[in-house]
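Quick note: residue numbers are just sequence positions, from 1. All values below come from the heavy atoms of this structure, side chains included, with hydrogens, waters and symmetry mates left out.
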Amino acid sequence: MKNYYSISPGSRAWLRFKRNKRGFVSLWIFAILFFVSLFAEFISNDRPIVLSYNNGIYVPVFFDYPETVFGGDFLTATDYLDPFIKEKLTSDRNWVLYPLNNYSHNSLNYFSPYPNPAAPSGVNWLGTDDRGRDVLARLIYGFRVSVLFGLCLTFIGVLLGILMGAVQGYFAGKTDLIIQRFIEVWGAVPELYLLIILASIFEPGLLILLVILSLFGWMGLSDYVRAEFLRNRSLEYVTAARALGLSSRKIILRHVLPNSLTPVIAFLPFRMSAAILALTSLDFLGLGVPSSTASLGELLAQGKANLDAWWISISTFFVLVFTLMLLIFIGEALRDSLDTRVN
């Protein structure tokens with residue numbers, strides 16, 4: 001076995017991360033849940049994955065078929081939850097493979113004998129919301145939307161934060177002063193009011209939210225990157241690189257930036273959890289995505305509006321808290337793994 005101090009700093013950080021069992025297990029759980037949610041259409045959908053009808057193979061999960069193909073009377077898209085269609089698909093030698101949950105995030109259970117919102121049952125495992133949509137399906141799709149949004153917002157915020165912080169910290173002087181004054185002015189802009197104004201002009205959507213939140217989400221990280229660059233720019237290896245005639249761009253990318261990424265990496269899970277919480281909060285206030293889009297915040301708003309439908313708020317609260325808890329545990333383990341004072 002290799003000596004601990006003979007391996008690279010990155011390998012030592014990974015070993016320190018693995019020693020934190022809570023963070024390491026949280027990383028695996030979060031990665032598995034996110035990977036599974038990417039295939040939500042194969043897990044929770046109102047369309048069969050594949051079926052055989054009259055010796056023909058059909059893949060409804062990818063393609064639309066009129067119900068006349070399966071013995072119906074209309075040329076409209078097939079409603080695979082219709083008892084008549086279900087009977088046709090399972091008669092004779094026909095067979096059908098359904099997802100684990102037979103509802104998509106916008107599927108309405110027209111055949112439920114209970115008024116909406118309906119309590120959990122064998123048909124809707126976590127019940128339905130006030131419009132008759134399956135809560136489990138909306139949680140699965142809402143989790144995917146939240147994580148993907150968090151990843152995109154974190155990625156854009158990190159890029160902008162590194163760019164602005166690197167320019168401030170490396171060039172310092174007037175450049176640092178001018179950009180710092182701009183950040184102070186821009187940070188004073190009321191973000192929520194700007195969202196309200198734009199929501200009244202444009203139709204709310206993920207792209208609008210991503211653009212607006214990205215305009216403000218980089219400022220916190222840029223301060224840490226700026227501090228690291230200010231510290232590293234005066235070290236001997238940077239001075240030697242300047243003496244060798246390397247350009248500022250090469251010095252930043254090859255030398256200073258790799259040694260200034262510790263706060264960036266350590267804050268990634270926390271920034272992602274903040275992005276998920278921001279999307280949830282805006283959806284809860286009605287300033288986020290349209291109601292047709294699966295959203296954890298919209299489910300929380302429904303739970304608030306339907307206090308007797310406890311299954312909506314409890315299940316959504318559990319998914320949101322569990323997701324944020326995993327990200328926080330990952331962030332704590334990542335922060336400790338980058339601490340060189342720990343062997």
Side-chain angles (χ1 to χ4, degrees), residues 27 30-31 34 142-171 175-176 178-199 202 204-230 232 252-253 256-285 287-289 295-297 320 323-335 338:
L27 176 62
F30 182 80
F34 176 55
F143 173 81
R144 181 175 68 178
V145 169
S146 298
V147 175
L148 288 175
F149 181 85
L151 286 172
C152 292
L153 185 58
T154 301
F155 178 75
I156 296 174
V158 166
L159 284 183
L160 292 177
I162 290 177
L163 175 63
M164 300 298 287
V167 172
Q168 282 184 266
Y170 182 80
F171 294 102
T175 302
D176 182 27
I178 293 173
I179 296 179
Q180 196 64 27
R181 298 292 82 78
F182 167 76
I183 291 176
E184 291 174 0
V185 173
W186 185 244
V189 176
E191 184 178 356
L192 183 58
Y193 290 160
L194 183 61
L195 279 168
I196 294 174
I197 294 172
L198 292 178
F202 303 101
L206 287 174
L207 183 59
I208 295 294
L209 291 178
L210 185 63
V211 171
I212 296 175
L213 294 178
S214 297
L215 293 176
F216 295 90
W218 57 271
M219 288 184 289
L221 182 63
S222 67
D223 292 336
Y224 293 99
V225 177
R226 169 178 173 267
E228 289 292 318
F229 268 75
L230 284 173
N232 291 328
I252 291 175
L253 295 178
V256 186
L257 181 59
N259 293 285
S260 305
L261 289 179
T262 297
V264 176
I265 298 174
F267 273 87
L268 283 179
F270 299 106
R271 293 189 60 81
M272 187 171 173
S273 62
I276 293 176
L277 194 58
L279 176 64
T280 304
S281 302
L282 291 173
D283 289 339
F284 179 80
L285 296 173
L287 300 175
V289 298
S295 165
L296 299 180
L320 180 60
T323 303
L324 297 179
M325 183 179 65
L326 291 177
L327 289 171
I328 290 173
F329 288 161
I330 295 170
E332 290 178 347
L334 197 58
R335 181 188 59 197
L338 296 174

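Within the structure, the side chain to side chain donor-acceptor pair (under 3.5 Å) test picks out no pair touching residues 149-167 (sequence neighbours left out). Here side chain to side chain donor-acceptor pair (under 3.5 Å) pairs that include residues 263-274, with residues two or more places apart or in two chains, number zero. Identified under the salt bridge (charged side-chain N to carboxylate O under 4.0 Å, His left out) test for residues 204-215, with sequence neighbours left out: none.
Listed by chain and residue number, D176 satisfy the side chain to side chain donor-acceptor pair (under 3.5 Å) test with R226 (two or more places apart in sequence, or in another chain). When the side-chain contact (heavy atoms from CB on, under 4.5 Å) test is applied to L206, the partners found at least two apart in sequence or on another chain are V145, F149, L279, V289. Scored by the side-chain contact (heavy atoms from CB on, under 4.5 Å) test, S281 finds L277 as partners (sequence neighbours excluded). For F267, the ring-ring contact (aromatic ring centres under 6.0 Å, His included) partners are Y224, not counting sequence neighbours. For L253, the side-chain contact (heavy atoms from CB on, under 4.5 Å) partners are R249, L257, not counting sequence neighbours. Listed by chain and residue number, F155 satisfy the side-chain contact (heavy atoms from CB on, under 4.5 Å) test with L159 (two or more places apart in sequence, or in another chain). Applying the side chain to side chain donor-acceptor pair (under 3.5 Å) criterion to S295, with sequence neighbours excluded, gives D283. For the side chain to side chain donor-acceptor pair (under 3.5 Å) test, residues two or more places apart in sequence or in another chain that qualify with S260 are N232.
Contact detail for A166 and F229: the closest heavy-atom pair is CB-CZ, 3.6 Å. When all heavy atoms of L221 and V158 are compared, the pair lying nearest together is CD2-CA, 3.6 Å. Annotation for S222 and I183: closest pair OG-CD1, 4.0 Å, computed over non-hydrogen atoms. Considering all non-hydrogen atoms of both residues, G150 and A275 come closest at CA-CB, 3.8 Å. Closest non-hydrogen pair, I276 versus S146, comes out as CG1-O, 3.5 Å. Nearest heavy-atom pair across I330 and P269 is CG2-CG, 4.0 Å.
One distance of note links CG of L326 with CZ of F34; it measures 14.0 Å at 0.5 Å rounding. Taking CG of L327 as the reference point, atom CE of M272 lies at 5.5 Å (rounded to 0.5 Å). Distance check: M164 CE to W186 CH2 gives 11.5 Å after rounding to the nearest 0.5 Å. Taken to the nearest 0.5 Å, the CZ atom of F284 stands 11.0 Å off from the OG1 atom of T280. For the atom pair CZ of F270 and CD1 of I328, the computed distance is 7.0 Å after rounding to the nearest 0.5 Å. Of the inter-residue distances, the one linking L163 atom CG with Q168 atom CD reads 10.0 Å to the nearest 0.5 angstrom.
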Fill in: side-chain contact (heavy atoms from CB on, under 4.5 Å) evaluation trace for F30 with V147
CA-CA 10 Å; F30 182 80; V147 175; 3.9 Å; yes
In a table with atom names and distances, give each donor-acceptor pair under 3.5 Å that connects a side chain of residues 210-220 to protein atoms at least two apart or in another chain.
{"unit_1": "S214", "atom_1": "OG", "unit_2": "L210", "atom_2": "O", "d": "2.5"}
{"unit_1": "W218", "atom_1": "NE1", "unit_2": "L215", "atom_2": "O", "d": "2.9"}

